[in-house]
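Proteins come first, then strands; the chains are lettered A, B, ... in the order of their sequence lines, and each starts at number 1.
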Amino acid sequence: MTRIRVRFAPSPTGPLHIGGARSALFNYLLAKKEGGDFIVRIEDTDRDRSTPESEENIKQSLLWLGIRWNEGVDIGGPYAPYRQMERLDTYRQAAQQLLQSGDAYYCYCSEEEIEAQREELIAKGETPRYLGNCRNLTEEERGQKEKEGRRPVIRLRVPDDVELVIDDLVRGKVVFSSSEIGSDFVIVKSDGIPTYNFAVVVDDYLMKISHVVRGEEHLSNTPRQLLLYKALGWETPVFAHVSLILGEDRSKMSKRHGSVSVVNYQNEGYLPEALVNFLVLLGWSPEGERELYTLDELEKVFSLDRVSKSPAVFDMNKLRWINAQYLHVLPTETIAEGISPFLPAGWSKERKLLLAQTLAHHLEIFADVRNYLSLIEGADVAIEDEETGQLLDQEHVPALIALFEAKISEMEELAPEAIKAAIKECGKELGVKGAGLFMPLRIALTGNQHGPDIDKLAALMGKDIILARLALRK
RNA sequence: GGCGCGUUGGAGAAGCGGCUGAACUCACCAGCCUUUCACGCUGGCAUUCAGGGGUUCGAAUCCCCUACGCGUCACCA
């Protein structure tokens with residue numbers, strides 16, 4: 001068995017997508033599990049859409065998730081460079097080989113001509129395709145076109161009726177016919193830059209990639225690539241096409257579905273270990289009943305044969321739940337830091353810590369802290385519903401509120417412990433306890449029957465707000 | 001439209017011909033506990049595996065057809 005070498009090959013045309021992140025994760029885990037190499041290669045051959053910012057974002061997101069490559073961009077390796085635009089010579093050579101063997105040829109048709117042909121075919125009710133106009137150009141014809149200043153593309157000569165079999169690790173045997181490809185496709189654009197299908201093949205082969213694990217959207221590209229491998233006389237890697245991640249409406253996850261970039265989740269205060277855990281469960285399932293795994297653990301238990309063929313819907317609920325599992329066990333200091341970006345400016349460290357402590361088990365993601373701010377800020381309180389309001393109508397309530405108000409007024413320091421003691425004193429003096437004691441105060445102060453510890457909330461409110469809110473209930 | 005892939009509860013899924021009278025998790029619903037609240041705990045939630053045929057003593061599991069969903073058909077990746 002040769003060494004496992006896998007790669008994640010994003011095109012830097014936007015931030016790292018959730019689906020891309022999962023592909024990267026699966027590749028990474030496979031490499032780790034098998035003690036192989038994980039390579040990151042940048043496919044930046046789309047000059048119009050590729051940007052350095054996107055590349056940066058993708059790398060940052062991978063690192064944030066804890067996915068590190070041991071070969072590839074930035075860190076180099078034995079098959080450098082790992083950015084396709086820096087490998088143009090390599091593709092040129094491969095293209096030369098194909099030209100010489102006659103498997104590829106120059107095509108001088110302009111985009112307008114191709115477009116006109118397409119429309120003509122459509123008008124006749126036929127499938128639009130390239131008809132091979134330049135397939136058999138003579139030397140003179142070529143010279144003529146060159147003289148006209150036309151910049152040719154290079155096309156691969158697609159044979160008729162060749163059976164192309166993909167032995168896919170997740171989908172099994174998938175058979176295509178070369179005839180289904182339709183027409184001779186472009187492998188080198190007129191500006192000399194290779195197209196995706198050509199560049200992947202060259203790189204995957206030259207970089208000795210053993211397993212190509214990628215999204216299912218690439219399955220129908222694979223026959224073209226197979227043809228290329230064949231023409232070049234190269235052995236193919238093993239393929240594994242992982243099913244797509246769908247949005248709630250069951251179509252491929254895209255911007256319409258809300259946050260699709262890893263960086264969005266980072267900004268919303270999700271924890272990387274939670275995202276990783278959630279992502280791995282989309283399309284892969286562990287053997288036992290346990291679902292919570294750290295990256296380290298996944299590196300040991302992951303395997304391709306437990307990858308599902310059917311697409312998975314991205315379920316925000318579950319992501320949040322998983323995030324909560326990781327968040328709830330974090331030290332208070334870490335939670336305080338995590339919620340910090342969602343707090344108004346000027347909060348002291350102590351205040352953040354107290355809030356973190358108060359909300360520790362109420363937050364699913366850090367950004368949730370925003371929902372709790374109204375609980376402790378502002379003099380206004382809205383009673384959540386009628387039933388809640390009625391709890392304030394009990395006979396002992398006015399006296400309770402008055403007594404509590406008096407005690408608070410006298411206090412200098414409003415620490416949670418002191419407030420709790422005050423509440424208990426109220427109870428003792430008035431002969432109420434339990435729900436009859438805490439509930440009216442909670443409702444008077446927050447308007448809700450449910451919520452975080454009332455003594456801590458009150459401490460966070462501070463004297464003025466407590467008094468102001470109590471005043472509303474008199 | 002051609003080609004390809006898929007279809008187990010609202011979501012993720014297990015299941016690989018009998019031990020499944022379909023695990024487990026999220027969500028949802030109900031209840032319980034608690035000198036507040038939450039966390040939590042307990043229970044409920046597919047008489048059935050898209051539908052229809054077949055093969056078999058026996059099928060969610062194998063075969064065929066239909067339906068539906070998605071993907072893909074660029075000088076984008």
Within the 4.0 Å heavy-atom criterion, would you say [X] contacts the bases, only the backbone, or no part of the nucleic acid?
| X | result |
| --- | --- |
| A/Ser50 | nothing |
| A/Glu180 | sugar-phosphate |
| A/Arg47 | nothing |
| A/Gly427 | nothing |
| A/Arg250 | sugar-phosphate |
| A/Arg171 | sugar-phosphate |
| A/Asp453 | base |
| A/Gly451 | base |
| A/His218 | base |
| A/Phe176 | sugar-phosphate |
| A/Leu281 | sugar-phosphate |
| A/Gln449 | sugar-phosphate |
| A/Arg214 | nothing |

Any donor-acceptor pair, under 3.5 Å, between the side chain of [X] and the base of [N], if you only look at N and O atoms?
| X | N | value |
| --- | --- | --- |
| A/Glu291 | B/G12 | yes |
| A/Asn221 | B/A77 | yes |
| A/Ser190 | B/C75 | yes |

Minimum-distance nucleotide (side-chain atoms of [X] versus [options]):
| X | options | answer |
| --- | --- | --- |
| A/Lys252 | B/G71, B/C37, B/A77 | B/G71 |
| A/Ile454 | B/U36, B/C70, B/C75 | B/U36 |
| A/Lys318 | B/G12, B/U36, B/C3 | B/G12 |
| A/Thr195 | B/G4, B/C75, B/U36 | B/C75 |
| A/Ser285 | B/A77, B/A13, B/C5 | B/A13 |
| A/Leu244 | B/G4, B/G12, B/C70 | B/C70 |
| A/Ala312 | B/C26, B/G12, B/C76 | B/G12 |
| A/Phe438 | B/C26, B/G4, B/U35 | B/U35 |

Is the backbone N or O of A/Pro81 less than 3.5 Å from a side-chain atom of A/Arg87, with the two atoms forming a donor-acceptor pair by type?
yes
For A/Asn27 and A/Ala24, indicate whether the former's side chain and the latter's backbone hold a donor-acceptor pair under 3.5 Å.
no
Start with the C-alpha gap between A/Trp69 and A/Phe8, add the side-chain angles, then the distance that decides, and say whether ring-ring contact (aromatic ring centres under 6.0 Å, His included) holds.
CA-CA 9 Å; A/Trp69 50 103; A/Phe8 175 55; 9.3 Å; no
Could you state the atom-to-atom distance from [atom1] of [X] to [atom2] of [N] in whole Å?
| X | N | atom1 | atom2 | value |
| --- | --- | --- | --- | --- |
| A/Ile181 | B/A74 | CD1 | P | 12 Å |
| A/Lys173 | B/C3 | NZ | P | 21 Å |
| A/Trp284 | B/U25 | CH2 | P | 16 Å |
| A/Glu217 | B/A74 | CD | P | 16 Å |

Any ion pair linking A/Arg41 and A/Asp204 (charged N to carboxylate O, less than 4.0 Å)?
yes
A/Phe278 and A/Phe314 aromatic centres sub-6.0 Å
yes
Can we call the ring centroids of A/His211 and A/Phe26 under 6.0 Å apart?
no
Give the ring-plane orientation class for A/Tyr270 versus A/Tyr265, where under 30° counts as parallel, over 60° as perpendicular and anything between as tilted.
perpendicular
Please give the distance between the [atom1] atoms of [N] and [M] as a whole number of Å.
| N | M | atom1 | value |
| --- | --- | --- | --- |
| B/A67 | B/C16 | P | 31 Å |
| B/C70 | B/C29 | P | 30 Å |
| B/U8 | B/C45 | C1' | 16 Å |

RNA chain B contacts among residues 85-97 of chain A, heavy-atom distance under 4.0 Å
none
Mind listing the closest non-hydrogen atom pair of A/Leu403 and A/Cys426 along with its distance?
CD2-CA, 3.8 Å
Please report the shortest heavy-atom distance between A/Ala95 and A/Val188, naming the atom on each side.
CB-CG2, 4.0 Å
Side chains of A/Tyr82 and A/Asp203, donor plus acceptor under 3.5 Å:
no
Taking for each residue the nucleotide of RNA chain B bearing the nearest heavy atom, is the 5' side occupied by A/Cys109 or by A/Asp455?
A/Asp455
Please compare A/Leu437 and A/Val313 by the position of their nearest nucleotide in RNA chain B and report the one closer to 5'.
A/Val313
